[in-house]
Trainee: 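I have a structure here, written as C-alpha cells, and I will follow up with some questions on it.
Chain A is the first sequence line, chain B the second, and so forth, proteins listed ahead of strands; every chain is numbered from 1.
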Number of protein chains: 2
Amino acid sequence: MIKTTEDDTTTYHHGNLRHRLIESALEMIDESGAAGLTLRGIAKRAGVSHTAPYRHFPDKEALLAAVAREGVSLMLSEISARLERAKGDALARFSVCGLAYIDFAIHHPAHFRVMYASPQKGVAVPEDLKPESSPVFQMFIEVITECWNLGILRGENPYRIAISAWSLVHGFSLLVIDGHLQGEALDAGSLESMKRGLLYSLYAGIRGKNGPGGIQPPAGNA
Amino acid sequence: MIKTTEDDTTTYHHGNLRHRLIESALEMIDESGAAGLTLRGIAKRAGVSHTAPYRHFPDKEALLAAVAREGVSLMLSEISARLERAKGDALARFSVCGLAYIDFAIHHPAHFRVMYASPQKGVAVPEDLKPESSPVFQMFIEVITECWNLGILRGENPYRIAISAWSLVHGFSLLVIDGHLQGEALDAGSLESMKRGLLYSLYAGIRGKNGPGGIQPPAGNA
DNA sequence: ACCTGAACACCGTTCAAGT
DNA sequence: ACCTGAACACCGTTCAAGT
C-alpha cells in the first residue's frame with residue numbers, strides 16, 4: 001500500500017501558504033493596524049509554525065513587499081477598469097484617476113498603508129515599489145498628458161499637474177483611513193460629495209469673485 | 001560634613017529627564033525612522049536604565065503623545081509667526097497656512113510623523129491630539145472663513161475648503177518626507193517652486209482654456 | 001520540499017529593591 | 001523622588017532536526 005499525501009492539507013500548505021500568509025497579514029492590519037503587525041502572529045493565524053514563513057520570504061520586509069506588489073496590481077486593475085468606461089472623455093478620465101485612487105484607499109486600507117508606508121531609513125526600496133515608478137503613476141501621467149495636450153488641463157507640465165492631483169487625493173485618502181476627519185466626513189453620503197468637491201476644487205480653483213485674478217504663479221506656471 | 005547632591009547630575013537627571021527622553025525619541029526617529037523607535041533605545045540614548053522612562057510616562061504611547069503635543073505647539077507657533085507678518089492680506093494669510101504646514105513637515109519630520117501617525121486600532125486618541133480639534137486646524141478655519149466672507153475664496157463652506165487645502169498640503173508633505181517623490185522634486189530649488197505651484201493650482205484651478213466651464217460641482221458647491 | 005522546536009538577542013512592562 | 005536589575009511574555013531571525 002502506497003502512502004498518499006491527500007490529507008497532508010491539514011498540516012501542510014502545498015504551495016498556497018505563500019498566498020495565505022499575505023492574506024493573514026492584510027487581515028491583521030485591518031484588525032490591529034500596521035504597527036502591531038507581527039510575523040509570528042501572521043504564521044499563527046495561518047495555522048503554521050512561526051518559522052514557516054521563512055520558506056516563502058527571506059524576512060518580514062519581503063512579505064510586506066509582496067503585499068505592496070499585490071496592492072499595486074490591484075489598484076492598477078481597479079483604476080484601469082473604470083478608465084475603460086470613460087473612454088473618449090479625457091477630463092472624465094482624469095477625474096476617474098483621482099476618485100478611484102481614493103476609493104482604493106478606502107476599500108483596501110491595509111494594501112494602501114503597506115504600499116505607501118514610510119520606508120525604513122536604512123533599507124533600499126525596490127525600484128518597482130517606488131510610487132513614481134509604479135504603473136499607477138505612469139497611468140496618471142498619461143491621462144494628464146492627454147488632457148494637457150488637448151488644452152483641457154493647464155500647468156507648467158504634466159508632471160507638475162500630477163504632483164498637485166496626487167498630493168490632493170493622497171492626503172485626503174490618508175486623512176480618511178487614519179480617522180483624522182471628524183466633522184462632516186462621518187457618513188458615507190458626505191464622504192461621497194467631499195470626494196467630488198475635492199476634485200472639483202482643484203479643477204476649477206477656489207478663487208472667489210473678489211479674489212485677485214492676476215496673482216503670479218511661481219515660475220511661469222502657464 | 002554634609003553630603004551635597006551636586007555631582008548627581010552625572011547619574012541623576014533632576015527633572016529634565018522627561019524632556020531629554022522626548023529629545024532622544026525625536027533623534028531616534030530622525031535616524032532610524034518611526035518604525036524602529038524603541039523605549040529601551042530612547043532610555044539608553046538618554047543615558048538611563050530602560051525602566052527610568054516609566055517615572056515620567058505611564059507607557060510608550062504616552063511618551064509619543066508628549067512628542068505630538070510638543071509638535072502641535074511648535075507648528076502653531078511657527079505658523080502664527082508667519083501669519084503675523086501677513087496681517088491685513090487675507091489671501092496671503094491663506095497661502096502662509098499651507099506653505100508653513102509643508103515647511104514644518106520638512107523641517108520637523110519626526111514631530112510631523114508622530115503627530116499624524118495612524119492611531120492604533122484599539123486605543124483612543126486623546127481629544128486634544130485629534131487633528132481637527134488642534135489649534136492649527138482651528139487657525140486654518142479662521143483664516144479661510146475670513147477669505148470666504150470677503151469673497152476671496154469660494155466653496156460650499158469654509159470647512160470644505162479647509163479639507164481640500166489640508167488634503168493637498170498634507171499629501172504633499174508626506175510624499176516629500178517619505179521620499180516618494182523622485183522626478184523634479186530632488187533639489188531644494190524645484191521643491192520651493194513646487195510648493196508654490198501646488199497652492200496656486202488649488203487657488204486658480206488647473207482647468208485649461210479648452211476645458212468645459214460648466215461642469216457641475218457635486219452638491220451646490222457655490 | 002516543507003515544516004518544526006530550541007535558541008539568541010531583542011522588545012514593552014512590572015516589581016521588589018536600592019540611594 | 002528617582003533610579004536600578006531581574007523577570008515575564010513577547011518580537012525577528014537562525015539553525016539543526018524531522019517528514
Side-chain angles (χ1 to χ4, degrees), chain A residues 1-22 24-25 28-29 31-67 114 117 119-123, chain B residues 1-22 24-25 28-29 31-67 114 117 119-123:
Chain A
M1 227 218 206
I2 294 166
K3 262 175 99 186
T4 69
T5 52
E6 273 178 22
D7 49 4
D8 278 8
T9 31
T10 54
T11 53
Y12 273 37
H13 271 271
H14 295 297
N16 63 343
L17 175 57
R18 185 191 152 92
H19 183 254
R20 181 76 193 94
L21 289 168
I22 292 176
S24 302
M28 290 187 71
I29 294 173
E31 287 170 16
S32 14
L37 192 67
T38 261
L39 200 50
R40 288 169 104 112
I42 295 169
K44 177 176 280 184
R45 176 181 282 264
V48 108
S49 86
H50 65 268
T51 57
Y54 289 92
R55 291 296 123 196
H56 299 276
F57 304 100
D59 53 26
K60 188 186 179 184
E61 202 202 340
L63 199 165
L64 290 177
V67 172
V114 175
Q120 297 274 75
K121 211 51 171 295
V123 297
Chain B
M1 226 216 206
I2 294 166
K3 260 177 100 189
T4 68
T5 54
E6 272 179 23
D7 49 3
D8 277 7
T9 30
T10 52
T11 54
Y12 273 36
H13 271 271
H14 296 297
N16 63 343
L17 175 58
R18 184 191 152 91
H19 183 254
R20 181 74 193 95
L21 289 168
I22 293 177
S24 302
M28 288 187 72
I29 295 173
E31 287 171 15
S32 15
L37 192 66
T38 261
L39 200 50
R40 288 170 104 111
I42 296 169
K44 176 177 280 183
R45 175 181 282 262
V48 106
S49 85
H50 65 269
T51 56
Y54 288 92
R55 292 296 122 197
H56 299 275
F57 304 100
D59 53 25
K60 188 186 179 184
E61 203 202 339
L63 199 166
L64 289 177
V67 172
V114 175
Q120 297 273 76
K121 210 52 169 298
V123 299

Trainee: Apply the test side chain to side chain contact (heavy atoms under 4.5 Å, CB included) to residues R20(B) and R45(B): give CA-CA distance (whole Å), side-chain angles for both, the deciding distance (0.1 Å), then the verdict.
Mentor: CA-CA 9 Å; R20(B) 181 74 193 95; R45(B) 175 181 282 262; 4.2 Å; yes

Trainee: Mark up nucleotides 5-15 of chain D, 5' to 3', with B wherever a protein heavy atom is under 4.0 angstrom from a base atom, S wherever such an atom reaches only the sugar-phosphate, and - elsewhere.
Mentor: BBB---BBBBB

Trainee: Side chains of F57(A) and I22(A), heavy atoms from C-beta outward: is any pair under 4.5 Å?
Mentor: yes

Trainee: Tell me if a side-chain donor or acceptor on K44(A) pairs with a main-chain N or O of L39(A) at a distance below 3.5 Å.
Mentor: no

Trainee: Sort out the partner of dA1(C) for me: Watson-Crick or G-U wobble, both distances under 3.5 Å, none otherwise.
Mentor: dT19(D)

Trainee: Is any side-chain heavy atom of M28(A) less than 4.5 Å from a side-chain heavy atom of I42(A)?
Mentor: yes

Trainee: Counting only Watson-Crick pairs (N1-N3 plus N6-O4 or O6-N4) and G-U wobbles (N1-O2, O6-N3), all under 3.5 Å, who is the partner of dC10(C)?
Mentor: none

Trainee: When you measure from the side chain of K60(A) to the backbone of L37(A), do you find a donor-acceptor pair of N or O atoms at a distance under 3.5 Å?
Mentor: yes

